[in-house]
Protein chains: 2
Amino acid sequence: MTSTTPALLPIAGDACCSGAADAGALAEPEAQALARRLKALADPTRLRLLSIIAAHEGAEACVCDLTEPVGLSQPTVSHHLKQLVDAGLLSRDKRGVWAYYALRPGALDDVAHALVAGVAPR
Amino acid sequence: MTSTTPALLPIAGDACCSGAADAGALAEPEAQALARRLKALADPTRLRLLSIIAAHEGAEACVCDLTEPVGLSQPTVSHHLKQLVDAGLLSRDKRGVWAYYALRPGALDDVAHALVAGVAPR
DNA sequence: ACGATTCATCGACAGACATCGATACGAGGG
DNA sequence: CCCTCGTATCGATGTCTGTCGATGAATCGT
């Protein structure tokens with residue numbers, strides 16, 4: 001599916017004059033990049049994980065602090081945290097046996113801004 | 001007023017308050033509601049549809065204007081548009097044979113604000 | 001050195017999702 | 001009245017995703 005980009009795409013982010021009638025619209029690479037970050041956020045469990053971490057002491061938490069509030073198994077929580085780290089929303093700091101996760105400052109605002117500015121640039 | 005109704009749901013029970021340290025964190029209903037809107041946005045095709053509609057003449061477009069730019073079949077585009085309408089991000093106005101879709105003003109900002117304010121309330 | 005604890009990875013399974021072709025609905029035009 | 005055009009819906013299908021139990025890797029205390 002969509003393995004081969006059928007139509008050429010001006011990946012070179014030239015801001016103006018994209019060429020088609022949908023000038024100024026999101027190009028596919030940008031849409032995919034933004035969708036990838038939004039997909040990491042579009043899950044109630046992951047939203048709660050972010051929120052719990054943000055509200056936690058020191059704005060960081062280890063996995064064992066998170067499994068109980070969300071009521072899921074430890075592998076599942078680790079899986080969700082990995083998604084959030086891969087999306088650049090969380091940072092992971094392993095100290096000894098514990099892995100402390102913390103919100104990356106500005107990451108959420110970055111996504112929110114990219115969403116509004118990317119879709120409705122005027 | 002952008003009518004930013006964060007849809008703060010009164011958490012019914014919560015009587016147990018099992019001493020969780022996640023006080024002030026997103027509750028499940030709020031997380032589900034926000035995740036539902038984000039899920040509608042977490043797709044490159046839908047992001048492009050929104051963007052193309054926003055950049056279109058008069059900030060509205062019919063289905064026949066959208067199938068070609070995104071390179072998908074008409075039923076698929078209709079399906080995506082329905083998702084966006086159901087999420088409250090698009091409005092649908094059927095005039096004659098054509099169905100015109102337009103961005104609902106403030107809907108995107110609403111989601112962006114709910115995201116930032118909901119996860120990191122302090 | 002050994003056992004206990006914390007976390008990540010693996011394999012599997014159910015459910016959700018994106019996509020298509022075919023078809024049904026509704027409005028205009030001959 | 002039929003025929004065409006634009007749209008929505010339906011059924012099918014392949015892929016992605018969330019979840020779990022089991023297992024492996026790394027670290028700390030005794």
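For clarity, every value in this text was computed on a predicted model and none was experimentally measured. A note on names: the letters A, B, ... follow the listed sequences, proteins ahead of strands, and every chain is numbered from 1. Just so it is clear, the values below take in all heavy atoms, side chains as well, and ignore hydrogens, waters and symmetry mates.
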If you only use heavy atoms from C-beta on, which nucleotide in D/dT7, D/dA8, C/dC7 is closest to the side chain of B/Pro75?
D/dA8
The side chain of A/Val63 is closest to which nucleotide in this list: C/dC7, C/dA18, D/dT7?
C/dC7
Separation of atom [atom1] in [X] from atom [atom2] in [N], rounded to whole Å:
X: B/Leu66; N: D/dA8; atom1: CG; atom2: C1'; value: 15 Å
X: B/His79; N: D/dT7; atom1: NE2; atom2: C1'; value: 15 Å
X: B/Trp98; N: C/dG26; atom1: CH2; atom2: P; value: 18 Å
X: A/Leu49; N: D/dG18; atom1: CG; atom2: P; value: 12 Å
X: B/Gln32; N: D/dG18; atom1: CD; atom2: P; value: 14 Å
X: B/Leu72; N: D/dT7; atom1: CG; atom2: P; value: 16 Å
X: B/Glu68; N: D/dT7; atom1: CD; atom2: P; value: 14 Å
X: A/Leu84; N: D/dT17; atom1: CG; atom2: P; value: 14 Å

Should [X] be listed as having a side-chain N or O under 4.0 Å from OP1 or OP2 of [N]?
X: A/Arg95; N: C/dT6; answer: no
X: A/His80; N: D/dT17; answer: no
X: A/Tyr101; N: C/dA8; answer: yes
X: B/Ser78; N: D/dT7; answer: no
X: A/Arg46; N: D/dG18; answer: yes
X: B/Ser73; N: C/dC20; answer: yes
X: A/Thr76; N: D/dG18; answer: no

How close do A/Leu26 and A/Gly118 get, counting heavy atoms only, and between which atoms?
CG-O, 3.5 Å
Nearest non-hydrogen partners of A/Ala107 and A/Gly88, listed with the distance
CB-O, 3.6 Å
Just by modelled atom types, is the B/Ala102 backbone N or O under 3.5 Å from a matching donor or acceptor in the B/Ser91 side chain?
yes
Note: for A/Val97 and A/Gln83 on DNA chain D, the residue whose nearest nucleotide lies more 5' is A/Gln83
B/Arg104, B/Arg95, B/Arg92 screened by salt bridge (Lys or Arg N to Asp or Glu O under 4.0 Å) with B/Glu60, the one that passes
B/Arg95
Run the salt-bridge test on A/Arg37 and A/Asp110 with the 4.0 Å N-O cut-off and return the result as yes or no.
yes
Heavy-atom nearest nucleotide on DNA chain C taken for B/Lys39 and for A/Leu81; more 5' hit belongs to A/Leu81
Which part of the nucleic acid, if any, lies within contact of A/Lys82, taking any heavy atom under 4.0 Å across all strands shown: a base, the sugar-phosphate backbone alone, or nothing?
sugar-phosphate
